**Student:** 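Attaching a single structure in structure tokens format; questions to follow.
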Amino acid sequence: MSAPLQRVVTDFGVDHPFRQVSEKLQEHYGITLPPETVRQTTERHGRLMLDNTVLETARPESPGKACVLCFGIQGTYLVDFYHLSEYLAEAAPSCSPDTAAGLEQQQEELKANRSAKVL
């Protein structure tokens, strides 16, 4: 499977049931993949992301700017600061007793180009 197709499969696979991903691939790209192949591809990329550390980031200057996260040689993901902050807000209660302060600290780490400390 080509790298671009793996990215499409993984992008869909993290957001939808694997059977639906198979249907979406057929509908949007005319590609037929069994749900099991979608599962294996998505899980393999998830493991690769967990096994690698963040090696590089692009510093977001302010909300609305993008943050680029590079996970080893396996993938680069462009996430805007606003949405990344939303994800952090959901995780903050389990990371810090003071949710607001914990979220603000994580955002400051990202702005200072220290995303490895956040992830």
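Heads up: numbering here begins at 1 and tracks the sequence. Every value quoted in this text rests on a predicted model; they were computed, and no experiment measured them.
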**Student:** Under the side chain to side chain donor-acceptor pair (under 3.5 Å) test, which residues partner Thr42, sequence neighbours left out?
**Tutor:** none
**Student:** Does any non-hydrogen side-chain atom of Arg7 lie less than 4.5 Å from one of His45?
**Tutor:** no
**Student:** Without swapping roles, check the side chain of Thr41 against the backbone of Val9 for a donor-acceptor pair under 3.5 Å.
**Tutor:** no
**Student:** Treating Ile, Leu, Val, Met, Phe, Trp and Tyr as nodes and any side-chain heavy-atom pair under 4.5 angstrom as an edge, say whether Tyr29 and Val21 lie in one connected cluster.
**Tutor:** yes
**Student:** Does some side-chain heavy atom of Gln26 sit less than 4.5 Å from a side-chain heavy atom of Leu33?
**Tutor:** no
**Student:** To the nearest 0.5 Å, what is the distance between CG on Leu88 and CD on Glu109?
**Tutor:** 11.0 Å
**Student:** Look at Glu27 together with Lys24 and state whether they make a salt bridge at an N to O cut-off of under 4.0 Å.
**Tutor:** no
**Student:** How long is the gap from CD on Glu108 to CG on Leu103, to the nearest 0.5 Å?
**Tutor:** 10.0 Å
**Student:** Evaluate the criterion side-chain contact (heavy atoms from CB on, under 4.5 Å) for residue pair Leu25 and Thr32; output intermediate values, then yes/no.
**Tutor:** CA-CA 7 Å; Leu25 289 171; Thr32 303; over 6 Å; no
**Student:** Just checking Glu104: does its CD atom have more than 12 heavy atoms from other residues, nucleotides or ligands closer to it than 6.0 angstrom?
**Tutor:** no
**Student:** Closer than 3.5 angstrom, by distance alone: can the side chain of Gln6 be matched with the main-chain N or O of Met1 as a donor-acceptor pair?
**Tutor:** yes
**Student:** Which heavy-atom pair separates Ser22 from Pro34 by the least distance, and what is that distance?
**Tutor:** OG-C, 3.5 Å
**Student:** Considering non-hydrogen atoms only, spot the tightest contact between Gln107 and Ser85 and give its length.
**Tutor:** NE2-OG, 2.9 Å
**Student:** Quick one: CZ on Phe12 to NE2 on His28, what's the gap to the nearest 0.5 Å?
**Tutor:** 5.0 Å
